[in-house]
Student: 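Encoded as structure tokens, here's the structure I'll be asking about.
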Amino acid sequence: MELLGLFRKFSREFLSENTNTVSKSSESYHTLFGDCVDRVRDILNKTNVDSDKLAVRAAVGKGNRTSYPWLAIFDKRVTDTAQKGYYVV
């Protein structure tokens with residue numbers, strides 16, 4: 001499945017789950033952290049970008065589920081966290 005299709009699948013699953021807590025067993029969790037992250041890594045590996053210098057991370061919240069899940073690409077030379085630096089989201 002292409003990346004746009006995976007993001008749409010994640011969105012449908014995330015919005016349909018009626019919970020306020022993060023569950024590693026949920027469909028949306030597996031779609032984001034498995035399928036979406038893996039697909040972004042695959043795309044990066046096919047480019048001329050040095051993918052060893054990049055980190056792909058995602059989040060749906062810790063404990064409580066966030067209203068704004070995200071997936072980001074970090075340049076490890078700048079940062080590897082959403083807490084500092086700059087990055088693509």
Side-chain angles (χ1 to χ4, degrees):
M1 183 178 292
E2 290 302 314
L3 189 56
L4 179 59
L6 288 172
F7 283 141
R8 286 180 175 154
K9 179 177 185 251
F10 167 76
S11 294
R12 283 191 307 271
E13 292 167 353
F14 188 81
L15 292 172
S16 71
E17 293 168 355
N18 189 17
T19 182
N20 291 325
T21 59
V22 174
S23 172
K24 292 183 178 182
S25 63
S26 73
E27 287 293 321
S28 67
Y29 186 93
H30 289 286
T31 299
L32 181 62
F33 288 94
D35 301 335
C36 292
V37 169
D38 289 345
R39 185 70 185 115
V40 169
R41 286 183 181 137
D42 289 344
I43 291 168
L44 291 172
N45 287 332
K46 292 178 183 175
T47 66
N48 292 331
V49 175
D50 185 356
S51 59
D52 290 336
K53 294 180 181 171
L54 300 176
V56 180
R57 305 268 192 271
V60 292
K62 291 187 177 184
N64 290 325
R65 194 171 96 147
T66 182
S67 297
Y68 306 100
W70 55 265
L71 185 141
I73 301 169
F74 299 109
D75 182 333
K76 294 178 192 176
R77 298 168 294 180
V78 176
T79 188
D80 63 354
T81 177
Q83 306 301 318
K84 62 181 180 176
Y86 54 90
Y87 45 87
V88 177
V89 177

Student: Flag the pair T31 / F14 as yes when at least one side-chain heavy-atom distance between them is below 4.5 Å, and no otherwise.
Tutor: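 A side-chain contact is absent here, since even the closest heavy-atom pair is not under 4.5 Å.
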Student: Applying salt bridge (charged side-chain N to carboxylate O under 4.0 Å, His left out) as the test, list every pair that has at least one member in residues 54-70; sequence neighbours left out.
Tutor: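 For residues 54-70: E17-R65.
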Student: When R41 is tested against each of L44, I43, V37 for side chain to side chain contact (heavy atoms under 4.5 Å, CB included), which residue passes?
Tutor: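 Running side chain to side chain contact (heavy atoms under 4.5 Å, CB included) over L44, I43, V37 with R41 returns exactly one hit, V37.
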Student: Passes side-chain contact (heavy atoms from CB on, under 4.5 Å), F10 versus D35? Steps please.
Tutor: CA-CA 9 Å; F10 167 76; D35 301 335; over 6 Å; no
Student: Can you see which heavy atom on G61 is nearest to which on T66, and at what distance?
Tutor: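 Between these two residues, the closest heavy atoms are N-CG2, 3.9 Å.
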Student: Locate the shortest heavy-atom distance separating H30 from K24; write the atom from each residue and the value.
Tutor: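 Heavy atoms of H30 and K24 come nearest at NE2-O, 2.8 Å.
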Student: Taking all non-hydrogen atoms of both residues, which atom of F74 and which atom of A82 are closest, and how far apart?
Tutor: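 Result for this residue pair: CZ-N, 3.5 Å.
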Student: I need the minimum non-hydrogen distance between V60 and P69, along with the two atoms involved.
Tutor: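 Distance-wise, the nearest heavy atoms are CG1-CB, 4.0 Å.
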Student: In Å and rounded to the nearest 0.5 Å, what is the CG to CZ distance from L54 to R77?
Tutor: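 It comes to 7.5 Å.
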Student: Taking all non-hydrogen atoms of both residues into account, name the closest pair between V78 and G85 and its distance.
Tutor: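 It is CG1-CA, 4.3 Å.
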Student: When you compare the side chain of N64 with that of V22, does any pair of heavy atoms fall below 4.5 Å?
Tutor: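 Not in contact.
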Student: How close do T79 and Y86 get, heavy atom to heavy atom, and via which atoms?
Tutor: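 Closest approach of T79 to Y86: CG2-O, 3.8 Å.
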Student: CG of L71 to CG of L3: how many Å apart, nearest 0.5 Å?
Tutor: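 The distance works out to 8.0 Å.
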Student: Calculate, to the nearest 0.5 Å, the distance between atoms NZ and OG1 belonging to K76 and T81 respectively.
Tutor: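 That separation rounds to 14.0 Å.
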Student: Find the distance between CG (L32) and CG (D38) and round it off to the nearest 0.5 Å.
Tutor: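 Those atoms lie 10.5 Å apart.
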Student: Indicate yes or no: at least one non-hydrogen side-chain atom of Y29 is less than 4.5 angstrom from one of S23.
Tutor: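 Contact flag for Y29/S23 side chains = no.
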Student: How long is the gap from CD on E2 to CZ on R8, to the nearest 0.5 Å?
Tutor: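 Here the rounded value is 12.0 Å.
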Student: Return the CG to CG distance between D52 and N45, rounded to the nearest 0.5 Å.
Tutor: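 Interatomic distance, D52 CG to N45 CG, rounded to 0.5 Å: 8.0 Å.
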